[in-house]
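Read through the structure below, which is laid out as structure tokens, and then see the notes.
Within every chain, numbering begins at 1; the chains are lettered A, B, ... in the order of the sequence lines, protein sequences first and strands thereafter.
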2 protein chains.
Amino acid sequence: MAKRVSHKDSMCGVARPLDAIGDWWSLLIIRDAFDGLRRFGEFQKSLGLAKNILSARLRNLVAHGIMDTVPASDGSPYQEYVLTQKGQGLFPLLVALRQWGEDFFFEPNEPHVTLVDRATKLPVRRLELRAQDGRMLMAEDTVIVVPPPEE
Amino acid sequence: MAKRVSHKDSMCGVARPLDAIGDWWSLLIIRDAFDGLRRFGEFQKSLGLAKNILSARLRNLVAHGIMDTVPASDGSPYQEYVLTQKGQGLFPLLVALRQWGEDFFFEPNEPHVTLVDRATKLPVRRLELRAQDGRMLMAEDTVIVVPPPEE
DNA sequence: GAATCATGGTTTCAAATAAAAACCACATTA
DNA sequence: TAATGTGGTTTTTATTTGAAACCATGATTC
């Protein structure tokens with residue numbers, strides 16, 4: 001965490017996010033938050049991580065504007081942790097991670113949880129990258145372009 | 001790395017992948033690999049990380065079947081590291097990470113590199129999650145379902 | 001043919017980080 | 001008033017990281 005960004009990547013759109021969520025636990029916390037967990041104890045119970053680590057991670061997520069603390073909704077004197085807009089913006093990433101995991105980390109017939117459309121109960125579609133005109137794009141069909149160096 | 005998976009997540013489709021790529025450097029290496037880098041020295045120069053760390057990360061990626069070593073294409077006596085199919089499957093995740101980064105880690109007018117369609121040079125579309133019938137889905141429109149416990 | 005260099009690592013060691021456990025504060029419950 | 005639940009912090013120890021030095025191999029120069 002708080003790792004120095006390497007020379008070349010000081011402006012890279014991939015490295016910056018990794019500084020915020022580039023550790024094992026943060027994404028799991030965020031996934032749990034998408035699942036509706038809000039309380040310190042809930043996260044700890046769900047993930048089984050040490051309390052000091054959870055504390056540090058939550059603090060970091062809040063510091064990066066990914067989660068926010070709000071007074072507990074049930075009148076208890078504690079606070080709850082909820083995703084901000086920025087945090088909710090991570091949903092596609094989590095889906096991508098999950099789909100990749102399902103593709104490559106499970107045996108063909110091994111059961112696993114599935115992400116389904118709440119309305120129809122059907123599994124969601126696979127994420128796919130498309131061009132402006134709708135063509136599906138593979139990695140090879142894309143390039144990175146750097147912005148013109150302004151004077 | 002090689003972190004124990006917590007009780008609840010022993011079968012989770014998010015936690016398993018994180019064991020393979022859940023550190024700061026691995027995704028940057030993979031991104032560089034998508035950009036065409038193949039040689040140890042290229043990665044090291046691009047990322048500026050210590051050689052022992054790079055060595056360990058590449059070893060881990062190979063062990064997880066995400067990259068593979070092949071004899072150098074240019075006759076030099078060294079090997080090169082290339083993405084496997086599994087590794088290439090990470091492209092959507094990388095795009096998701098990049099898009100999130102662009103959305104939230106850059107000032108409105110701050111220049112940044114863009115991922116474009118090689119054919120048209122236009123920026124790629126935003127990744128979006130859709131239902132089977134094509135409706136766009138937000139996080140709230142989805143649920144996780146667990147497979148029925150078989151007897 | 002010997003010395004030098006480039007490449008791709010491994011080893012060593014100090015510093016930073018993570019993890020486990022103990023501790024603490026506050027509020028509620030018994 | 002004591003015990004308990006929640007949400008942490010502190011302390012201590014184990015693990016990981018990162019920098020630097022070292023090493024092996026093949027190509028290059030002298």
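- Regarding B:Asp74, its CG atom lies at a distance of 11 Å from the P atom of C:dT7, rounded to whole Å.
- Between B:Glu42 and A:Pro77, the residue anchored closer to the 5' end of DNA chain C is B:Glu42, taking for each the nucleotide with the nearest heavy atom.
- Applying the 3.5 Å distance criterion, the base of D:dG5 shares a donor-acceptor pair with the side chain of A:Tyr78.
- For the pair B:Leu54 CG and C:dT10 P, the computed distance is 10 Å after rounding to whole Å.
- Within the 4.0 Å cut-off from OP1 or OP2 of C:dT7, not a single side-chain nitrogen or oxygen of B:Arg39 is found.
- Of the candidate nucleotides C:dG9, D:dG7, D:dG18, D:dG18 has the atom lying nearest to any side-chain atom of B:Ala50.
- In terms of the ring pair (Phe, Tyr, Trp, His ring centres under 6.0 Å) criterion, A:Phe43 has no residue partners (sequence neighbours excluded).
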Please tabulate, one pair per line, all N/O donor-acceptor pairs under 3.5 Å involving side-chain atoms of residues 134-147 of chain B, not counting sequence neighbours.
from, atom 1, to, atom 2, distance (Å)
B:Arg135, NE, B:Asp133, OD1, 3.1
B:Arg135, NE, B:Asp133, OD2, 3.3
B:Arg135, NH2, A:Asp117, OD2, 2.4
B:Arg135, NH2, B:Asp133, OD2, 3.1
B:Asp141, OD2, B:Met138, N, 2.8
B:Thr142, OG1, B:Ala139, O, 2.8

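- When the local axes at the two ends of the helix from C:dG1-D:dC30 to C:dA30-D:dT1 are compared, using 5 base pairs at each end, they differ in direction by 10° after rounding to 10°.
- Side-chain contact between A:Phe106 and B:Arg16 is present, with at least one heavy-atom pair separated by less than 4.5 Å.
- Residue B:Gln79 has a polar side-chain atom (N or O) positioned under 4.0 Å from OP1 or OP2 of C:dG9.
- Within the structure, a side-chain polar atom (N or O) of B:Arg59 is placed less than 4.0 Å from OP1 or OP2 of C:dT10.
- A salt bridge between B:Asp74 and B:Arg38 is absent, with no side-chain N of the basic residue lying under 4.0 Å from a carboxylate O of the acidic one.
- Rounded to an integer number of Å, the gap from CG of A:Asp23 to C1' of D:dT16 is 14 Å.
- When the side-chain nitrogen and oxygen atoms of A:Trp24 are compared with OP1 and OP2 of C:dA18, none of them lie within a distance under 4.0 Å.
- Nucleotide D:dT6 holds its P atom 14 Å from the CG atom of A:Leu37, rounded to whole Å.
- Residue B:Trp25 has no polar side-chain atom (N or O) positioned under 4.0 Å from OP1 or OP2 of D:dT17.
- A:Tyr81 comes within 4.0 angstrom of sugar-phosphate atoms only, judged by non-hydrogen atoms across all strands, and of no base.
- Between B:Ser55 and C:dT10 there is a side-chain polar atom (N or O) within less than 4.0 angstrom of OP1 or OP2.
- Between the P atom of C:dA25 and the CZ atom of A:Phe40 lies a distance of 17 Å, rounded to the nearest Å.
- In this structure the side chain of B:Phe105 never reaches within 4.5 angstrom of the side chain of A:Asp19, judged on heavy atoms.
- Within 3.5 Å, a donor on the side chain of A:Asn52 pairs with an acceptor on the base of C:dA19, or the reverse.
- Look at CZ on B:Arg38: it is 17 Å from P on C:dT7, rounded to the nearest Å.
- In this structure, CD of B:Gln44 is placed 16 Å from P of D:dT17, rounded to the nearest angstrom.
- Between the CG atom of B:Asn60 and the P atom of D:dT16 there is a distance of 12 Å, rounded to whole Å.
- Hydrophobic clustering of Ile, Leu, Val, Met, Phe, Trp and Tyr side chains at less than 4.5 Å, counting indirect connections, unites A:Trp24 with B:Leu27.
- Under the 4.5 Å side-chain criterion, counting only non-hydrogen atoms from C-beta, B:Arg31 is in contact with B:Leu47.
- Side chains of B:Leu115 and A:Leu129 form a contact here, defined as non-hydrogen atoms less than 4.5 Å apart.
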